[in-house]
**Student:** 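Sharing a structure below in structure tokens format, with a few things to ask.
As the structure is a prediction and not an experimental result, all values here were calculated from the model.
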Amino acid sequence: MYVVSKRIEDILKRVLVSNIFKDREKLRPDYVPDELPHREKEVEKLAEKLAPAVKGERPSNIFIYGLTGTGKTAVTRYVLKMIKDMAGRLQLEFKLMDSYVNCKVNNTNYSVLVSLCESLNEYVPFTGLSIPELFRRFMRALERTPSLMFVVLDEVDALVKQSGDDLLYKLTRINPDLKRSQVAIVGITNDLKFTESLDPRVKSTLAEEEMVFTPYTSEELEDILRQRARIAFKDGVLSDEVIPLCATLAAREHGDARRALDLLRVAGEIAEREGSLKVLETHVRRAQVEIERDRVIEVLRTMPLHGKLTLISTYLLEKAKVEPTTGEVYSIYKGLCRKLGIEPLTHRRISDLINELDMIGLATAKVVNRGRYGVTKLIKLSVPEGAIFEGLKEDERLTSFLGDVGRAAR
DNA sequence: CCTCCACCGGAACTTACGGAGT
DNA sequence: ACTCCGTAAGTTCCGGTGGAGG
């Protein structure tokens, strides 16, 4: 008892007085720093485009493209914050507001509208109403006070893929129906050829202006990391090679700043956990493995049963040195279902589940044409099997034969 | 040069669910 | 109590595909 409470005390102490961190929150992806290194031009350009807002003129709708972690969201937040600060000092006779919606999280028309309403302090039920009714309430809330509202739709491609562009169409044409207020849309996407999938009518109004964010280079990432490290870490705890390594690793992933910051933060956490006084190269290496591993386990935890079975089927085929094609996976999958005494899904559905595995990044699925022998998908797992087993073992529906699978693996 | 495999993937439809409005 | 609504997951149906092998 004494030993345990002593250890808990140690843990608490370590959290309270860190050897490593000054302020860990500064490394979180949603933290917007006072300056955005190597995005000065973008900040300026976006500010120019949005500036008319402070005069009460509706800015053009803007579309921002760029891969993940290139600063799109940060720049947008940053500029909007400055504009709102400015507006606050000017005492305008209208309200300047913004609503940020992440469409990857809210990827249905309904939930996007719900969060738009909520940002106007308009309560709406999370289900039950019709879309037109929801839209009406949004407009009513908007008209309560004269206002200019920025609607930021982050990862808007996810919304369109899921639910079509109806809502986008309606939003782009809302202004003529508003008497006292105005809406400007900022669309953000990391799908570079997203607008091709849009209705031309939507495209022309939504993307009146366009901006493209290019990936950070390794050197630029280093600057970003240095700036954050200064405020997040205690002085002198980072050994020299840490920041360049994080930058290089992230640059390999198309210059993803979020990735770089994650690496740095987790490396710090690992160092802290083992009571090291410095963050070393080895901590970064281990951070890389840990991030990936945690991601896999988390994804697996929330994956539906049939998705898991599809994954296991692929795994078994790879172990048996059979090329996993859709057909092969499906027949193994059916066998697993029989063992579990559950109804298998259709071939068509499994084909989709395989695509989902690809999308999540647990596997890659490539369509191959084998001429005489038809067209199929060639599936390949892209994560270590250890992490897969780790993620699956909690599922008690699988425990009965997961042991067998494990043994077969050895 | 044609055929034909073994699937791909779009689209419409079904079912179940949670809840609103009346 | 009843009807209406949107979403998620899954099924059914079906036209399309492109190159190995005849």
Side-chain angles (χ1 to χ4, degrees), chain A residues 101-118 122-141 153 155-171 191 193-194 196-199 299-314 317-318 322-338 340-360 362-380 395 397:
Chain A
V101 184
N102 185 324
C103 301
K104 201 153 205 174
V105 184
N106 300 307
N107 56 6
T108 66
N109 292 336
Y110 199 101
S111 69
V112 169
L113 278 169
V114 167
S115 70
L116 288 182
C117 286
E118 273 167 5
E122 169 81 2
Y123 163 79
V124 283
F126 71 93
T127 175
L129 299 181
S130 71
I131 297 290
E133 169 63 16
L134 220 47
F135 203 78
R136 231 199 63 231
R137 292 196 190 188
F138 170 59
M139 284 179 62
R140 198 188 349 125
L153 300 173
E155 312 208 49
V156 58
D157 47 312
L159 172 69
V160 173
K161 233 170 260 163
Q162 253 280 296
S163 319
D165 52 15
D166 301 9
L167 181 61
L168 246 38
Y169 182 69
K170 276 189 162 180
L171 276 177
D191 180 355
K193 36 188 195 22
F194 166 65
E196 287 171 22
S197 62
L198 281 178
D199 187 316
V299 160
L300 248 35
R301 213 196 307 274
T302 56
M303 186 182 285
L305 178 61
H306 292 280
K308 292 179 181 172
L309 290 173
T310 310
L311 188 71
I312 295 170
S313 305
T314 311
L317 285 166
E318 279 190 359
V322 181
E323 278 203 325
T325 61
T326 307
E328 296 287 354
V329 167
Y330 188 62
S331 65
I332 300 290
Y333 159 82
K334 270 201 292 196
L336 294 181
C337 284
R338 202 168 37 243
L340 290 176
I342 55 176
E343 277 293 300
L345 303 178
T346 54
H347 191 284
R348 178 71 184 84
R349 180 65 187 137
I350 295 304
S351 175
D352 277 348
L353 288 182
I354 290 170
N355 287 341
E356 278 170 38
L357 291 180
D358 184 310
M359 208 98 80
I360 302 168
L362 296 188
T364 56
K366 199 171 76 198
V367 187
V368 291
N369 195 318
R370 298 177 157 175
R372 194 76 253 265
Y373 306 103
V375 177
T376 186
K377 268 193 292 257
L378 209 52
I379 306 133
K380 224 176 135 183
D395 194 330
R397 293 168 298 187

**Student:** Any chance the side chains of A:Ser351 and A:Lys377 put a donor and an acceptor closer than 3.5 Å?
**Tutor:** yes
**Student:** Heavy atom of residues 125-137 of chain A under 4.0 Å from DNA chain B: which residues?
**Tutor:** A:Pro125, A:Phe126, A:Thr127, A:Gly128, A:Leu129, A:Arg137
**Student:** For residues 371-380 of chain A, which residues have at least one heavy atom under 4.0 Å from DNA chain C?
**Tutor:** A:Gly371, A:Arg372, A:Tyr373, A:Gly374, A:Val375
**Student:** With sequence neighbours left out, what residues match A:Phe194 under ring-ring contact (aromatic ring centres under 6.0 Å, His included)?
**Tutor:** A:Phe63
**Student:** Once you round to the nearest 0.5 Å, how far does CG of A:Leu362 lie from CG of A:Leu311?
**Tutor:**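 Interatomic distance, A:Leu362 CG to A:Leu311 CG, rounded to 0.5 Å: 6.0 Å.
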**Student:** In whole angstrom, give the distance that lies between atom CE of A:Met359 and atom P of B:dG9.
**Tutor:**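 Rounded to the whole Å, the gap is 11 Å.
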**Student:** Can you list, in residue-number order, the parts of residues 157-167 of chain A that come under 4.0 Å of DNA chain B, counting heavy atoms only?
**Tutor:**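 Those residues whose heavy atoms fall under 4.0 Å from DNA chain B, taken from residues 157-167 of chain A, amount to none.
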**Student:** If you round to the nearest 0.5 Å, how far is CG of A:Leu340 from CG of A:Leu305?
**Tutor:** 6.5 Å
**Student:** What distance do A:Thr325 atom OG1 and A:Glu328 atom CD have between them, rounded to the nearest 0.5 Å?
**Tutor:**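 Here the rounded value is 4.5 Å.
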**Student:** Please determine whether a side-chain nitrogen of the Lys or Arg among A:Asp352 and A:Arg348 lies less than 4.0 Å from a carboxylate oxygen of the Asp or Glu.
**Tutor:**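 Here A:Asp352 pairs with A:Arg348 in a salt bridge, since their nearest N and O are under 4.0 Å apart.
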**Student:** With a sphere of 6.0 Å drawn around CZ of A:Arg140, does it hold more than 12 non-hydrogen atoms of other residues, nucleotides or ligands?
**Tutor:**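 Yes, enclosed.
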**Student:** Chain A on DNA chain C: first and last contacting nucleotide, 5' to 3', under 4.0 Å to a heavy atom?
**Tutor:**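 Using the under 4.0 Å cut-off, the span is C:dC5 to C:dG21.
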**Student:** To the nearest 0.5 Å, how far apart are OG in A:Ser111 and CG in A:Leu159?
**Tutor:** 8.0 Å
**Student:** Heavy-atom distance under 4.5 Å between the side chains of A:Leu378 and A:Glu323, does that happen here?
**Tutor:**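 Yes, their side chains come closer than 4.5 Å.
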**Student:** Pairing donors with acceptors under 3.5 angstrom, does anything connect the side chains of A:Asn109 and A:Lys170?
**Tutor:**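 No donor-acceptor contact under 3.5 Å links the two side chains.
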**Student:** Does a side-chain N-to-carboxylate-O contact under 4.0 Å join A:Lys334 and A:Glu343?
**Tutor:** no
**Student:** Only counting residues at least two apart or in another chain, list the ones meeting ring-ring contact (aromatic ring centres under 6.0 Å, His included) with A:Tyr333.
**Tutor:** A:His306, A:Tyr330
**Student:** Rounded off to whole Å, could you give me the CD1-to-C1' distance for the A:Ile350 and B:dG9 pair?
**Tutor:** 15 Å
**Student:** Between the main-chain N or O of A:Val299 and the side-chain N or O of A:Thr302, is there a donor-acceptor pair closer than 3.5 Å?
**Tutor:** yes
